[in-house]
Structures are given as structure tokens and as C-alpha cells.
Amino acid sequence: MAGKVLTITSGKGGVGKSTSSANISLGLALRGKKVVTIDLDIGLRNLDMILGLENRIVYDVVNIVEKVCKLNQAMIKDKRTDNLYLIAAAQTRDKSAVTAEQIVELTEELKKDFDYIILDSPAGIEGGFKNAMMPADEVIIITTPEISAVRDADRVIGILESNNKTEMSLIINRINPELVKKGDMMSKDDVLQVLNIPLIGVVPEDKNIVSYTNTGEPSILHSQSESGLAYKNIIQRIMGENVPFMEINEKKTGILTSIINFFKE
């Protein structure tokens, strides 16, 4: 088995990066893929809570690289499927506690036993971003349709390209068709004009996301959730299947043309 390292990142915090990591990891596992997801947001651990596994953690990724525990001791098996494991971030350390080389070594070891190694990157380009970028075979960038988020995502894309990371795709999260129609939110096409990388998913705004997060039940588990359906479609695309994008009744208004031109200056 030769696994694939999939890094999930964003230019800024608060755009749903860890929520996307949880849904993608769980979705791939439910499709029969063997998955391990690693929270690399050291000091700000939350992927365990989104997956509902916070009470099972004994060791973390720093413990692994420091040889405090064996690799299998730090892997927490998901309670819904035997195919998903979590390696948590350390809460009481900072991002300098691990190096990119150590994460490369760890992911190479995990590739022997897993189909996908999902790296939940810290937001932004500081600290642990390099740790998540260096081992990546493919990078998924998460943005919301907001000016600041798109601008920061554009900067991340530039850094990835300068480091010869060419396998990139985009998820536009929390899009609200009503706000798009009013001209108060960038549309999918607006975002794609700025971020010229392949689109792998558009996730609509979901009022239940907070309750899903608080209960440790990602939206992909909820059959009536529009965001959950969007993530199921994303999983199919990651696995190479050709599925249409969800119709969320948005249309480009043209009001944000000046914003788009701002990025091109």
C-alpha cells in the first residue's frame, strides 16, 4: 500500500478548515478507505472535538516524534468506523515542538498502512504551515467567499507554487446564495477569478454546523444536511469520480468587479 498525503489548509483562521478536515477524513473512511488524520495545529487542538474523540486521547503527535510513545499508542480509532484513526495535536506545546522533517518521516511510515494521511494544517503561513506543506502529495485550500479570506488563500497558493506544490484544489465554504444575489458576498465565479486552481467543492452555509461540532458529529453523517451532501460529493471527487456540483442558486451580480480588480493590481 502506498498512501497519499492530503494537506488541508487555509490562508486565515475561522473558515472551516478543521471542520472540512473532519468531514473529508470521515467521508473517505466511510467509503472504505483506511485513513489517519493528524492535527498539526499544535497548541490549538480542536480536531478531536469535531470528531467527538476528545475523551480518548492519551498521547499526541509531539509524543510520537519525541519517542515518548509508540505510533500505534497515539492513534485513536474512531467510534463510527474501523477505517479512521486520529493523531491529536499537543495542547501544551507550541508549533516549534515538531519539525517538517519529522512530519515527513511520520507520514512516510503511515503510508505503508493507510490509503490517506490527512494533515490538518494550522491556518495561515506562520509556525507549523511548513510542517503540513512539506509532506503533501496534494493540498486542498479552504476559503470562504470573503475578501480577506480569498486574499489570504491567494497568498498561500503563491507560497505553495514557489515550493513546487502543483497538486492543489479549492473548497469554497459557507457560501450563502441570498447574500450572493444581493451583492453582499462573492460568488463562486468571483472567487475562481481570483484563485486560479481547480474547484473540488462548494459547501453552502449550514445553520447546524455549530451543533454538529459541539456534539462531535460531522455534517457528513447527517443525511438532511446540505453541507453534508456537499462533503459527500467532495469525497467522490477526491476518489476520482465525476459528479456535478450542487446547485445552490447563486449567480454573479457584477457588483464585486472592483474587488476582483483589486486582487489583480
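For reference, positions follow the sequence shown, starting with 1.
Across Q102 and A97, no two heavy atoms sit closer than the pair OE1-O, 4.2 Å. The shortest heavy-atom contact between I141 and A153 is CG2-CB, 4.0 Å. Taking both residues in full, the closest heavy atoms of K17 and I8 are given as CD-O, 3.6 Å, listed atom of the first, atom of the second, then distance. D39 and N46 get closest at one heavy-atom pair: OD2-N, 3.4 Å. The nearest pair of heavy atoms linking N131 to I103 is O-CG2, 3.5 Å. Pairing each heavy atom of S121 with each of F129, the nearest pair is OG-CD1, 4.0 Å.
Of the possible polar contacts, one joining the D94 side chain to the S96 backbone as a donor-acceptor pair under 3.5 Å is found. The backbone N or O of D60 sits less than 3.5 Å from a side-chain atom of N63, completing a donor-acceptor pair. Within the 3.5 Å criterion, the main-chain N or O of A89 finds no donor-acceptor partner in the side chain of D41. Checked by atom type and distance alone, the side chain of T7 pairs as donor or acceptor with a backbone atom of A132 at under 3.5 Å. Although no hydrogens or angles enter the test, the distance criterion places a donor-acceptor pair under 3.5 Å between the side chain of R237 and the main chain of P244.
Distance CG/L53 to CZ/R56: 6.0 Å, rounded to 0.5 Å. Atom OG1 of T19 and atom CD1 of I142 lie 9.5 Å apart (nearest 0.5 Å). Between atom CD of residue Q236 and atom CD1 of residue I200 there is a gap of 11.0 Å, rounded to the nearest 0.5 Å. In this structure, OG in S227 is found 9.5 Å from CD1 in I234, a value given to the nearest 0.5 Å. One finds the CG atom of L199 at 8.5 Å from the CD1 atom of I171 (value rounded to the nearest 0.5 Å). Separating the CD1 atom in I117 from the NZ atom in K34 is a distance of 11.0 Å, to the nearest 0.5 Å.
By the criterion of side-chain heavy atoms lying less than 4.5 angstrom apart, applied directly or through intervening Ile, Leu, Val, Met, Phe, Trp or Tyr residues, L47 is not grouped with I209; the two fall into different hydrophobic clusters. In the hydrophobic clustering of ILVMFWY residues, with side-chain heavy atoms under 4.5 Å counting as a link, Y59 and M75 come out apart. Under the 4.5 Å side-chain heavy-atom criterion for ILVMFWY residues, no single connected hydrophobic cluster contains both I118 and M134. Note on V104: it does not cluster hydrophobically with I38, by side-chain heavy-atom contacts below 4.5 Å among ILVMFWY residues. Note: the hydrophobic cluster containing L86 does not contain M49 (ILVMFWY, side chain heavy atoms under 4.5 Å, direct or indirect links).
Side-chain contact between P218 and R80: present, with at least one pair of heavy atoms (C-beta onward) separated by less than 4.5 Å. Contact annotation: the side chain of C69 approaches that of I64 to within less than 4.5 Å [non-hydrogen atoms, C-beta and beyond]. Taking 4.5 Å as the limit, some side-chain heavy atom of P135 sits within range of a side-chain heavy atom of L119.
Around CD of E101, the count of heavy atoms belonging to other residues, nucleotides or ligands within 6.0 Å exceeds 12. For CG of N72, the number of neighbouring non-hydrogen atoms (other residues, nucleotides, ligands) closer than 6.0 Å is greater than 12. With a 6.0 Å radius and a threshold of 12 heavy atoms from other residues, nucleotides or ligands, Q224 has its CD atom at or below the threshold. Within a 6.0 Å sphere centred on NZ of K79, heavy atoms belonging to other residues, nucleotides or ligands number more than 12. Within a 6.0 Å sphere centred on NZ of K130, heavy atoms belonging to other residues, nucleotides or ligands number 12 at most.
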Given K4 and E167, is the salt bridge (charged side-chain N to carboxylate O under 4.0 Å, His left out) satisfied, shown in steps?
CA-CA 12 Å; K4 182 175 186 178; E167 294 296 317; over 6 Å; no

Quick one: do L30 and L221 satisfy side-chain contact (heavy atoms from CB on, under 4.5 Å)? Show the steps, please.
CA-CA 10 Å; L30 292 172; L221 295 171; 3.9 Å; yes

Check the pair L26, L84 against side-chain contact (heavy atoms from CB on, under 4.5 Å), reporting the backbone distance first and the verdict last.
CA-CA 7 Å; L26 185 53; L84 176 61; 3.9 Å; yes

Could you go through the side chain to side chain donor-acceptor pair (under 3.5 Å) check for E146 and S148 one step at a time?
CA-CA 6 Å; E146 302 164 330; S148 60; 4.9 Å; no

Apply side-chain contact (heavy atoms from CB on, under 4.5 Å) to the pair M133 and V139, showing each step before the final yes or no.
CA-CA 8 Å; M133 177 185 68; V139 181; 5.7 Å; no

Run D115 and R31 through salt bridge (charged side-chain N to carboxylate O under 4.0 Å, His left out) and show every step you take.
CA-CA 11 Å; D115 298 304; R31 287 290 304 271; over 6 Å; no

Pair V35-T81, side-chain contact (heavy atoms from CB on, under 4.5 Å): steps then yes or no:
CA-CA 10 Å; V35 182; T81 170; over 6 Å; no

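Looking only at atom types and distance, the side chain of D190 has a donor-acceptor partner in the side chain of S187 under 3.5 Å away. Side-chain contact, D206 with S225: a donor N or O sits under 3.5 Å from an acceptor N or O. No side-chain donor-acceptor contact under 3.5 Å links T37 and Y116.
In this structure, Y85 and F114 have perpendicular ring planes: the angle between them is above 60°, well past the 30° mark.
Look at R45 and E54 and you find no salt bridge, because none of the NZ, NE, NH1 or NH2 atoms lies under 4.0 Å from a carboxylate O.
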